[in-house]
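One structure below.
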2 protein chains.
Amino acid sequence: MDAVSSVTPLTNCLSAQCSFCSNLSEPARAELARISRVRNFGAGETILAEAETFEIVGQVLSGVLRMQKTLFDGRQQIVGLLMPGDLFGHVFAHTSHVAIEAATEAVLCCYHRQSFEALFAQFPEIEHRMLSAVTEELDAAQDWMLLLATQTVTQRVATFFLYLRRKTLPPDMPHLIGPPVIEVPICRRDLAAYLGTTVESVSRSIQQMARERLIRILDPHRFELIDIEGLALLSHTEEEVCDMEVPRSIRAG
Amino acid sequence: MDAVSSVTPLTNCLSAQCSFCSNLSEPARAELARISRVRNFGAGETILAEAETFEIVGQVLSGVLRMQKTLFDGRQQIVGLLMPGDLFGHVFAHTSHVAIEAATEAVLCCYHRQSFEALFAQFPEIEHRMLSAVTEELDAAQDWMLLLATQTVTQRVATFFLYLRRKTLPPDMPHLIGPPVIEVPICRRDLAAYLGTTVESVSRSIQQMARERLIRILDPHRFELIDIEGLALLSHTEEEVCDMEVPRSIRAG
DNA sequence: CGAGCAATTGAACGCTGTCAACCCGAGTGG
DNA sequence: CCACTCGGGTTGACAGCGTTCAATTGCTCG
């Protein structure tokens, strides 16, 4: 990520990492690059405080951000993780009640919100992509609502692991070279806050999944997904294994 | 609602009920009205099936719609309720994995998705409002994630009642004429699916809140909110009562 | 009047939050 | 080199909320 942070501002969003800028017309990209600014954040730093008007929008180049809400009693709930390629911030003067913090060291491509919005008139395609991005985020939020409302903690962990696999290991690389290894980029506390549970329950679920040979624990943040189908069955999001006739009895949740 | 359904298609969206069309320029409103079509749905009817490409978008004029996801085992989770004034459907060819059904009799103002999108080029203000609407929906979804992840069932019911009060009883009418009465427009089954729990738990929570004199049950769908502050305290969304010094001990959840 | 549905109530089990203790590696200072 | 501290992670015991299963009530409709 040092390589990324040393990219000059004028070319940063033309890099292959910037999925938002790709597929845009050349002049739109140039304008975006002109008003963009690359910023680095250390783990734990606050990008945007809660109940604060978003004055910047942008995209994650590397690292992980967490969108979180803090309750009166100090408990925190993570309502979304932002991985490389994801957009953050809201257009228009909408004050969102989420805080955005760096869960790890992070490099961001930032725009001033108003300058960004000003480009909408000139390049409607930018607003189109923004609308698409927010719509996708809404879909993801609704999926997560389903997870929080209906799944057990173990199922949530399985779902999250499979999500990480999809996110970080694109399917174009067939996993004929053994079970895939995922890296959980956040600590147990954040993981629990994201899954709507406690660190203890997360730990118990992970250890249980390891005992059932669904995963193998390499270290506290890296796991080998031994039994993908078992995980998918457990997750019930049916992934690509929905046409199986449920051969084995449902494992104890 | 019979009055609404008899409105002619050409003028329906110029009615005061259509918050989406208001504040738009005259030509934009005219174009929207031209391609709009009012449709009626009976309770339980499906507007859009799950995993189906949205071919229509529109707005609720009266009644309540539910956005829901169905699990493999038949359980259903409601990820959002659509009340009069709310927009439904997704722009662009985005296939969302939610079904939209009428929870009650409903009257909708519908547009063909592609005709609607075609207006974006001519009237960017329409796309602006669409972007704002989706952003608001995302905020609501994140709020609901917090509710599902951190609150007890009783707290969720209290939060939902206060939400209904805000939604249906605008604050410009001071409630000096006694405690407000809310009407829950959906059955217990839908309520439970929305709150991420079961009908039994919902029923127990409601009865408990009645025993504690927080509410009074007029009939299974109408409740008098006797102790608004107590409800807000219970809900912990701190509503407008966040500056109180928590005078009474926290009630048993 | 009976069927059927919505809603409520009761009892028992189980998942999960809470509290507590423990393990372990990293950093620190003597 | 060792003792100490600190934070992250794991494990255990236990109580409580909530789901599940079951039965009951009340209402509508045929």
Side-chain angles (χ1 to χ4, degrees), chain A residues 42-44 66 71 73-77 103-104 147-159 183-212 215-223 234 236 250-253, chain B residues 42-44 66 71 73-77 103-104 147-158 160 183-212 215-223 234 236 250-253:
Chain A
R66 52 178 189 244
L71 279 72
D73 60 2
R75 279 185 301 172
Q76 292 185 333
Q77 174 65 26
T104 67
L147 176 142
L148 292 173
T150 67
Q151 305 210 142
T152 65
V153 172
T154 306
Q155 289 175 327
R156 297 179 205 179
V157 174
T159 302
E183 170 136 6
V184 176
I186 55 179
C187 65
R188 290 288 188 276
R189 193 177 59 79
D190 285 351
L191 188 50
Y194 190 36
L195 300 178
T197 180
T198 61
V199 287
E200 294 93 334
S201 291
V202 167
S203 181
R204 268 184 264 270
S205 291
I206 289 177
Q207 302 299 325
Q208 181 191 348
M209 287 164 61
R211 278 194 301 273
E212 296 179 359
I215 62 174
R216 201 159 65 86
I217 302 173
L218 304 181
D219 67 58
H221 288 271
R222 291 190 347 190
F223 306 93
L234 182 59
H236 285 154
I250 308 291
R251 299 160 193 274
Chain B
R66 53 176 187 246
L71 278 72
D73 60 1
R75 279 186 303 172
Q76 291 185 335
Q77 173 65 26
T104 66
L147 175 141
L148 292 173
T150 66
Q151 305 210 140
T152 66
V153 171
T154 306
Q155 290 176 325
R156 297 178 206 180
V157 174
F160 181 69
E183 169 136 7
V184 177
I186 55 179
C187 65
R188 290 286 188 278
R189 192 177 57 80
D190 285 350
L191 187 50
Y194 190 37
L195 300 179
T197 180
T198 61
V199 287
E200 294 94 334
S201 291
V202 167
S203 180
R204 269 183 263 269
S205 291
I206 290 177
Q207 302 299 325
Q208 181 191 348
M209 286 164 61
R211 279 194 301 273
E212 295 180 359
I215 62 174
R216 200 158 65 86
I217 303 174
L218 303 182
D219 67 58
H221 288 272
R222 291 191 340 178
F223 305 92
L234 181 59
H236 284 153
I250 308 290
R251 299 162 193 272

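Since the structure is predicted, the reported quantities are computational estimates derived from the model, not experimental observations.
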- request: Could you check if a side-chain atom of A:Val202 sits within less than 4.5 angstrom of a side-chain atom of A:Thr197, using non-hydrogen atoms only?
  value: yes
Those residues of residues 197-204 of chain A lying under 4.0 Å from DNA chain C by at least one heavy atom: A:Thr197, A:Thr198, A:Glu200, A:Ser201, A:Arg204
query: Is B:His221 reaching over with its side chain to a backbone N or O of B:Ile186, donor-acceptor style, under 3.5 angstrom?
result: yes
- line: A:Ile186 CD1 to D:dG9 C1', in whole Å, measures 14 Å
query: Whole Å only: how far is the CD atom of A:Gln207 from the P atom of C:dT16?
result: 16 Å
task: Show your reasoning for whether side-chain contact (heavy atoms from CB on, under 4.5 Å) applies to B:Gln76 and B:Asp190.
output: CA-CA 9 Å; B:Gln76 291 185 335; B:Asp190 285 350; 5.6 Å; no
message: OP1 or OP2 of D:dG8 versus the side-chain N and O atoms of A:Arg189: is any pair under 4.0 Å?
response: no
A:Met209 CE to D:dT10 P, straight-line distance once rounded to whole Å: 13 Å
- prompt: Which atom pair, heavy atoms only, marks the closest approach of B:Arg188 to B:Phe223?
  reply: NH2-CZ, 3.7 Å
- line: For A:Gln151 and A:Thr159 the tightest heavy-atom approach is NE2-OG1, 2.9 Å
With 3.5 Å as the limit, what N/O pairs link the protein to nucleotides 24-29 of chain D?
none

task: Check the pair A:Ile206 / A:Ile215 against side-chain contact (heavy atoms from CB on, under 4.5 Å), numbers first and verdict last.
output: CA-CA 8 Å; A:Ile206 289 177; A:Ile215 62 174; 4.2 Å; yes
query: Can you check the B:Asp219 CG to C:dA7 P distance for me, whole Å?
result: 10 Å
task: Please name the residue in the list A:Ser205, A:Ser203, A:Ser201 that meets the side chain to side chain contact (heavy atoms under 4.5 Å, CB included) test with A:Val157.
output: A:Ser205
- prompt: Rounded to whole angstrom units, what separation is found between the CZ atom of B:Arg211 and the C1' atom of C:dT8?
  reply: 11 Å
field: Option among B:Thr150, B:Leu147, B:Leu148 that satisfies the side chain to side chain contact (heavy atoms under 4.5 Å, CB included) test with A:Leu148
entry: B:Leu148
message: What is the separation between atom CZ on B:Arg156 and atom C1' on D:dT19, rounded to the nearest whole Å?
response: 12 Å
- request: Kindly determine whether A:Gln208 and A:Thr154 satisfy side-chain contact (heavy atoms from CB on, under 4.5 Å), including the steps that lead there.
  value: CA-CA 8 Å; A:Gln208 181 191 348; A:Thr154 306; 3.7 Å; yes
statement: To the nearest angstrom, the CG-P distance between B:Leu218 and C:dA7 comes to 15 Å
task: Report yes if at least one side-chain N or O of B:His221 is closer than 4.0 Å to OP1 or OP2 of C:dA6; otherwise report no.
output: no
- line: A:Pro220 has its side chain closest, among C:dA7, C:dT9, D:dG9, to D:dG9
task: Find the distance A:Arg222:CZ to D:dG9:P and express it as a whole number of Å.
output: 15 Å
